[in-house]
Amino acid sequence: MEQTPETLGGLYAGYIDCLNAKDLDRLGDFVGEDVHYNGKRIGLSGYRAMLENDHREIPDLHFDVRSVVADRSTVASRIQFDVTPRGEFFGLPINGRRVSFSENVFYEFDNGRIARVWSVIDKEAVRAQLD
């Protein structure tokens with residue numbers, strides 16, 4: 001598959017649909033076996049475990065993509081979350097309170113699958129909502 005901005009945009013949309021449907025059996029269609037997350041190789045199984053934990057700890061987790069920019073190998077996205085985590089979240093005592101925050105994330109694709117992810121989450125926005 002030739003990687004173009006259009007094909008990567010379509011793959012990314014399918015990936016987000018997979019996450020929002022909690023259909024993690026399809027995760028390997030979008031994420032490579034040797035995926036790295038924030039500089040660390042976690043592999044597809046580690047990536048899936050991370051997402052399973054996110055869905056368990058945040059039952060109403062929904063990835064609301066607000067903007068996407070793609071080139072031939074990378075997708076950059078801003079995702080908005082409005083969620084109700086259980087217990088602690090980012091080390092903060094959320095305990096069922098609703099919080100909103102954004103994530104800025106870059107995905108590097110290799111052979112049509114996500115190979116590397118760099119994620120920055122606005123944890124200060126969450127902290128400010130607790131005061």
Side-chain angles (χ1 to χ4, degrees):
M1 167 197 289
E2 181 184 358
Q3 290 189 169
T4 66
E6 293 77 21
T7 60
L8 290 189
L11 287 169
Y12 182 67
Y15 166 73
I16 292 297
D17 288 345
C18 171
L19 298 183
N20 283 333
K22 300 180 183 177
D23 186 7
L24 298 184
D25 289 339
R26 292 183 41 231
L27 193 61
D29 294 347
F30 306 101
V31 178
E33 282 292 327
D34 293 321
V35 66
H36 288 68
Y37 182 81
N38 284 345
K40 180 180 176 190
R41 184 197 174 281
I42 61 172
L44 180 57
S45 63
Y47 199 82
R48 180 178 175 145
M50 176 183 68
L51 290 167
E52 287 172 339
N53 184 64
D54 289 347
H55 284 291
R56 190 172 36 257
E57 295 300 315
I58 311 167
D60 60 350
L61 182 60
H62 179 81
F63 296 76
D64 182 8
V65 176
R66 296 293 176 94
S67 62
V68 176
V69 178
D71 65 17
R72 292 189 170 277
S73 65
T74 306
V75 170
S77 180
R78 181 170 178 82
I79 305 169
Q80 186 65 37
F81 298 94
D82 184 24
V83 296
T84 313
R86 300 177 183 177
E88 275 195 12
F89 186 60
F90 302 134
L92 301 169
I94 302 298
N95 300 319
R97 286 184 274 183
R98 185 168 219 68
V99 292
S100 296
F101 62 94
S102 61
E103 175 184 25
N104 296 304
V105 60
F106 293 85
Y107 304 87
E108 185 176 303
F109 284 73
D110 186 22
N111 293 318
R113 288 196 170 76
I114 296 168
R116 281 167 284 291
V117 180
W118 295 273
S119 167
V120 178
I121 295 174
D122 188 357
K123 296 175 186 173
E124 287 307 310
V126 175
R127 187 182 321 278
Q129 292 169 63
L130 300 178
D131 294 335

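All values below were derived from every heavy atom in this structure, side-chain atoms included, with hydrogens, water molecules and symmetry-related copies excluded.
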Rounded to the nearest 0.5 Å, what separates atom CG in D122 from atom CG in N104?
8.0 Å

With a 3.5 Å cut-off and no angle check, do the side chains of E103 and S119 form a donor-acceptor pair?
yes

Group every Ile, Leu, Val, Met, Phe, Trp and Tyr by side-chain heavy-atom contacts under 4.5 Å, then state whether F30 and V65 land in the same group.
yes

Close side-chain approach of V120 and V105, heavy atoms under 4.5 Å
no

What's the spacing between F81 CZ and D60 CG if we round to 0.5 Å?
11.5 Å

So OG1 of T74 and CD of E108: to nearest 0.5 Å the spacing works out to 5.0 Å

Any side-chain heavy-atom pair of L19 and D54 under 4.5 Å
no

Of all heavy-atom pairs linking V83 and L61, the shortest is CG1-CA, 4.0 Å

State the CG-CD1 distance between L11 and I16, to the nearest 0.5 angstrom.
12.0 Å

With side chains defined as the heavy atoms from C-beta onward, is the minimum distance between V117 and N38 less than 4.5 Å?
no

Does R26 use its side chain to pair, donor to acceptor, with the backbone of D23 at less than 3.5 Å?
no

Give a yes or no on whether E33 atom CD has more than 12 heavy-atom contacts from other residues, nucleotides or ligands under 6.0 Å away.
no

Show the numbers, then the answer: is there a side chain to side chain contact (heavy atoms under 4.5 Å, CB included) between F106 and V75?
CA-CA 6 Å; F106 293 85; V75 170; over 6 Å; no

With the side chain counted from C-beta on, respond yes when T7 and E2 share a heavy-atom pair under 4.5 Å apart, and no when they do not.
no

Is it the case that the ring center of Y12 lies less than 6.0 angstrom away from the ring center of F109?
no

Mind telling me whether Y37 and Y47 have parallel, tilted or perpendicular rings, with 30° and 60° as the class edges?
perpendicular

Verdict with supporting geometry, R78 and S67, side-chain hydrogen bond (donor to acceptor under 3.5 Å, both in side chains):
CA-CA 5 Å; R78 181 170 178 82; S67 62; 6.0 Å; no

State the CG-NE2 distance between D82 and H62, to the nearest 0.5 angstrom.
10.5 Å

Do you know the tightest heavy-atom contact between S102 and Q80?
CB-OE1, 3.6 Å

Using 0.5 Å steps for rounding, measure from the CZ atom of R56 to the NZ atom of K22.
11.5 Å

Taking it one step at a time, do N95 and R86 satisfy side chain to side chain contact (heavy atoms under 4.5 Å, CB included)?
CA-CA 5 Å; N95 300 319; R86 300 177 183 177; over 6 Å; no

If you measure only the distance, is there a donor-acceptor pair under 3.5 Å linking the side chains of R98 and T84?
yes

Evaluation steps, side chain to side chain contact (heavy atoms under 4.5 Å, CB included), between F101 and F89
CA-CA 12 Å; F101 62 94; F89 186 60; 3.6 Å; yes

Taking all atoms of both residues into account, what is the closest heavy-atom pair of S100 and A125, and its distance?
O-CB, 4.2 Å

Could you tell me whether D110 and R116 make a salt bridge, using a distance below 4.0 angstrom between a side-chain N and a carboxylate O?
no

Is there side-chain contact between L44 and D34, with at least one heavy-atom pair below 4.5 Å?
no

Is there a side chain to side chain contact (heavy atoms under 4.5 Å, CB included) between R66 and I79 once you walk through the steps?
CA-CA 6 Å; R66 296 293 176 94; I79 305 169; over 6 Å; no

F63-I121 co-clustered via ILVMFWY side chain contacts under 4.5 Å
yes

Determine, using the 4.5 Å side-chain heavy-atom cutoff (strictly less than), whether Y15 and I42 are members of one ILVMFWY cluster.
yes

Closest contact, heavy atoms only, Q129 versus V99
OE1-CA, 3.2 Å

Do you know which two heavy atoms are closest between Q3 and S73, and how far apart they sit?
NE2-CA, 3.8 Å

What are the two closest non-hydrogen atoms of R113 and G28, and how far apart are they?
NE-O, 2.6 Å

Is it true that the side chains of S77 and Y107 contain a donor and an acceptor less than 3.5 Å apart?
no

